[in-house]
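Everything numeric in this text was worked out from a predicted model, so none of it was measured. Letters A, B, ... are given to chains in the order of the sequence lines, protein chains preceding strands, and every chain is numbered from 1.
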Amino acid sequence: MKSEPAVYGIDELAAQPLQTDHWEGVRNYQARNMLRDEMRPGDLALFYHSKCPRSGVVGIMEVVRAGYPDHTAFDPESKYYDPKSDPDRPRWHMVDVRFERRLARTIPLAELKANPALADTLLVQRGNRLSIMPLTPAQWQAILDMEREGGFTAAL
DNA sequence: GCCAACGTTGGC
DNA sequence: GCCAACGTTGGC
């Protein structure tokens, strides 16, 4: 699950009460379908920082509430307002996620792209802009296996 | 800031 | 339903 850290980063999630928050603002139908139809409590997700100097995977979250209507779409004051969504027929959905842990290091996109085990992921494919993408168990493990590689020079 | 890639909109 | 124009994403 991607988010721009300048807008909402993993530190903000970790600072929430119960380290839990709703994942608001997704306005893409393919991503919406995953939020609404596929993600279930207990599912794990990676937190990916996008559009920043160190884009990459930064941590792990757990889905704690399945898809439900994204109320920010109903709020004219919200930057995520969409007049075509209304409470009777909500167009956009979100899930609740809980911070689990940060990774020992940020795994940068360049490393993800260089890992043959991830060649089939949507994340590393050209031009992909989806903010929520599925991973197979093997892909998930391949990413976590990279956590301890080559990252010991960056002191915390 | 640039720009390629992609999704959405709307005229026809 | 086609498709050009436009807006957005996001790496670099």
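At least one donor-acceptor pair under 3.5 Å links the side chain of A:Thr20 to the backbone N or O of A:Leu18. Using a distance-only test at 3.5 Å, with no hydrogens or angles considered, a donor-acceptor pair links the side chain of A:Arg105 to the main chain of A:Glu147.
Salt-bridge check for A:Arg101 with A:Glu62: failed, with every basic side-chain N at 4.0 Å or more from each acidic carboxylate O. Contact check on A:Lys79 versus A:Glu24 returns no salt bridge, with no Lys/Arg side-chain nitrogen under 4.0 Å from an Asp/Glu carboxylate oxygen. A salt bridge is absent between A:Asp70 and A:Arg32: the closest approach of a Lys/Arg side-chain nitrogen to an acidic carboxylate oxygen does not fall below 4.0 angstrom.
A:Val95 and A:Val26 fall within the same hydrophobic cluster, where Ile, Leu, Val, Met, Phe, Trp and Tyr residues are linked whenever their side-chain heavy atoms come under 4.5 Å apart, directly or through other members. In the hydrophobic cluster analysis, where Ile, Leu, Val, Met, Phe, Trp and Tyr join through side-chain heavy atoms closer than 4.5 angstrom, A:Tyr81 is grouped apart from A:Tyr8.
When each of A:Thr72, A:Asp82, A:Asn28 is tested with A:Trp92 by the rule side chain to side chain donor-acceptor pair (under 3.5 Å), just one qualifies, namely A:Asp82.
A donor and an acceptor atom, one from each side chain of A:Glu111 and A:Asn115, are nowhere located under 3.5 Å apart. A:Tyr68 and A:Arg36 share no side-chain donor-acceptor pair at under 3.5 Å.
Listed in residue order, the members of residues 116-132 of chain A having a heavy atom less than 4.0 Å from DNA chain B are A:Arg126, A:Gly127, A:Arg129.
Annotation: of the two residues near DNA chain B, A:Lys84 and A:Lys51, the 5′-most nearest-nucleotide partner is A:Lys51.
Boundaries of the chain A contact region on DNA chain B are B:dA5 to B:dT9, first to last in 5' to 3' order (nucleotide atom under 4.0 Å from a heavy atom).
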Dot-bracket line, read 5' to 3' along DNA chain C, where crossing pairs take [ ] and | marks a partner on another strand, Watson-Crick or G-U under 3.5 Å: ||||||||||||
